[in-house]
Trainee: 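Mind having a look at this structure? Questions to follow.
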Protein chains: 2
Amino acid sequence: MNAEELSSRLAAIASTQRLGIIAQLVGEPLHVSELARRMEMSRALLYMHLAKLEAAGFVTGHLELSEDGKALKFFTAVPFTISITPAVIAAAVNQQEGKTD
Amino acid sequence: MNAEELSSRLAAIASTQRLGIIAQLVGEPLHVSELARRMEMSRALLYMHLAKLEAAGFVTGHLELSEDGKALKFFTAVPFTISITPAVIAAAVNQQEGKTD
DNA sequence: TGCACCTGTAATAAAATACTAACATATGCA
DNA sequence: TGCATATGTTAGTATTTTATTACAGGTGCA
């Protein structure tokens, strides 16, 4: 992972709102409207946060049909581990490209 | 560590500029003017970044007198390890206060 | 005295993020 | 038909972060 990738992944979770979203989704996928109610947040704003989290690979969304036939957009927390130390940072800075994982 | 502490620590390193600063300081303390030259950045801007990094505990600064009697402000990278997983985030969100370490 | 260094801050401008309000569209059901 | 639910976007505003410019002050030395 290079410095740009690292900083953008970190930026995606450097937010209490987005940490809260991930926490809500751990072990329990939720659809957008339900998540918005639990987070006490407008859907428009939630979409913005979800877009950042999904772009960084921390959550993933998919459409599902409810029993009564309505489309629901479910989001799930994606498993990951990020370990950061000064050496990891130095390695990231001192290279142009990084591994996918 | 609670969600606020976690997000503010992450925010402090969620920046390519600040990752670069840490990388420069790993294993080699530098004074502000020298670091500014290496980062190709104005001192005023560098001070802002250093203030954020120091507030979050990633670097630490101290005054030193050079051989010819001039005051130099040296900064050093502080050793640390941050490991983040969905479970760590959930734990941070679901508590009010956290341990110092 | 003047030049080359250094630390430190204040005021301001520019850019990026976060947030709100409003809208369009669709489904099921009484 | 009308209400309650849902997805999704856009346009505009507010706030925060980043960056620049311009200071004021200190030391050593030729």
Side-chain angles (χ1 to χ4, degrees), chain A residues 3-22 24-25 28-56 58-76, chain B residues 3-22 24-25 28-56 58-76:
Chain A
E4 294 226 333
E5 290 168 351
L6 181 55
S7 74
S8 60
R9 286 209 90 195
L10 292 173
I13 49 174
S15 150
T16 53
Q17 304 263 54
R18 291 196 286 272
L19 290 178
I21 290 170
I22 292 174
Q24 284 285 343
L25 296 180
E28 181 183 22
L30 295 173
H31 64 86
V32 177
S33 290
E34 175 61 23
L35 182 54
R37 280 191 291 270
R38 297 204 191 182
M39 295 298 298
E40 294 180 318
M41 172 186 300
S42 72
R43 275 184 317 109
L45 180 54
L46 179 56
Y47 268 102
M48 184 273 284
H49 286 305
L50 285 172
K52 295 201 172 190
L53 286 172
E54 188 166 34
F58 294 111
V59 305
T60 181
H62 64 278
L63 280 175
E64 265 183 44
L65 283 182
S66 65
E67 294 181 357
D68 64 353
K70 286 174 186 163
L72 302 179
K73 181 71 170 281
F74 272 83
F75 276 88
T76 311
Chain B
E4 295 226 334
E5 290 168 351
L6 180 55
S7 74
S8 61
R9 287 208 88 194
L10 292 173
I13 50 174
S15 150
T16 52
Q17 304 262 55
R18 291 194 286 272
L19 290 178
I21 291 170
I22 292 175
Q24 284 286 343
L25 297 180
E28 181 183 24
L30 295 173
H31 64 86
V32 177
S33 290
E34 176 61 24
L35 182 54
R37 279 191 292 270
R38 298 204 191 183
M39 296 297 300
E40 295 180 318
M41 173 186 299
S42 71
R43 276 186 314 111
L45 180 54
L46 179 56
Y47 268 102
M48 183 273 283
H49 286 305
L50 286 172
K52 294 198 175 192
L53 286 172
E54 189 166 35
F58 294 110
V59 304
T60 182
H62 64 279
L63 281 175
E64 264 183 46
L65 283 182
S66 64
E67 294 183 355
D68 62 354
K70 286 174 184 162
L72 302 179
K73 180 71 169 281
F74 272 84
F75 276 88
T76 310

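Just so it is clear: chains get the letters A, B, ... in the order the sequence lines come, proteins before strands, and each one is counted from 1.
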Trainee: Just N and O in the side chain of H31(A): are any of them under 4.0 Å from OP1 or OP2 of dT5(D)?
Mentor: no
Trainee: For the NE2 atom of H62(A) and the CG atom of L72(A), what is their distance to the nearest 0.5 Å?
Mentor: 9.5 Å
Trainee: Which part of the nucleic acid does L72(A) contact within heavy-atom distance under 4.0 Å: base, sugar-phosphate only, or nothing?
Mentor: sugar-phosphate
Trainee: L50(B) CG to dT17(D) C1': how many Å, rounded?
Mentor: 16 Å
Trainee: Using a cut-off of less than 4.0 Å, is there contact between a side-chain N or O of K73(B) and OP1 or OP2 of dG8(C)?
Mentor: yes
Trainee: L45(A) CG to dT10(D) P: how many Å, rounded?
Mentor: 17 Å
Trainee: Please report the interatomic distance CG(L50(B)) to CD1(I22(B)), rounded to the nearest 0.5 Å.
Mentor: 10.0 Å
Trainee: Taking only side-chain N and O atoms of S66(A), does any of them lie within less than 4.0 angstrom of OP1 or OP2 on dA6(D)?
Mentor: no
Trainee: Check E34(A) with R38(A), please: is the shortest side-chain N to carboxylate O separation under 4.0 Å?
Mentor: yes
Trainee: Find which nucleotide of DNA chain C each of V32(B) and M48(A) is nearest to by heavy atoms, and output the residue with the more 5' nucleotide.
Mentor: V32(B)
Trainee: Taking atom C1' of dC23(D) as reference, at what distance in whole Å does atom OH of Y47(B) sit?
Mentor: 14 Å
Trainee: Working to the nearest 0.5 Å, report the span between NE2 of H49(A) and CE of M41(A).
Mentor: 4.5 Å
Trainee: Pick the nucleotide of DNA chain C nearest each of S42(A) and R43(B); which residue has the one closer to the 5' end?
Mentor: R43(B)
Trainee: So which atom in L25(B) and which in F75(B) form the shortest heavy-atom distance, rounded to 0.1 Å?
Mentor: CD2-O, 3.5 Å
Trainee: Does a side-chain N or O from K52(B) land closer than 4.0 Å to OP1 or OP2 of dT17(D), or not?
Mentor: no
Trainee: Find the distance E34(B):CD to dC6(C):C1' and express it as a whole number of Å.
Mentor: 12 Å
Trainee: So K70(A), base contact, sugar-phosphate only, or nothing? Heavy-atom distance under 4.0 Å.
Mentor: base
Trainee: Measure from CG on L35(B) to C1' on dC5(C) and round the result to the nearest Å.
Mentor: 17 Å
Trainee: Write down the distance between CG (L63(B)) and P (dG25(D)), rounded to a whole number of angstrom.
Mentor: 19 Å
Trainee: Report yes if at least one side-chain N or O of R37(A) is closer than 4.0 Å to OP1 or OP2 of dA6(D); otherwise report no.
Mentor: yes
Trainee: Given dC19(C), is OP1 or OP2 found less than 4.0 Å from the side-chain N or O atoms of H49(A)?
Mentor: yes
Trainee: Can you measure E64(A) atom CD to dA6(D) atom P for me and round it to whole angstrom units?
Mentor: 15 Å
Trainee: Whole Å only: how far is the CG atom of D68(A) from the C1' atom of dT5(D)?
Mentor: 8 Å
Trainee: Closest to the Q17(A) side chain: dT18(D), dC19(C), dT7(D)?
Mentor: dC19(C)
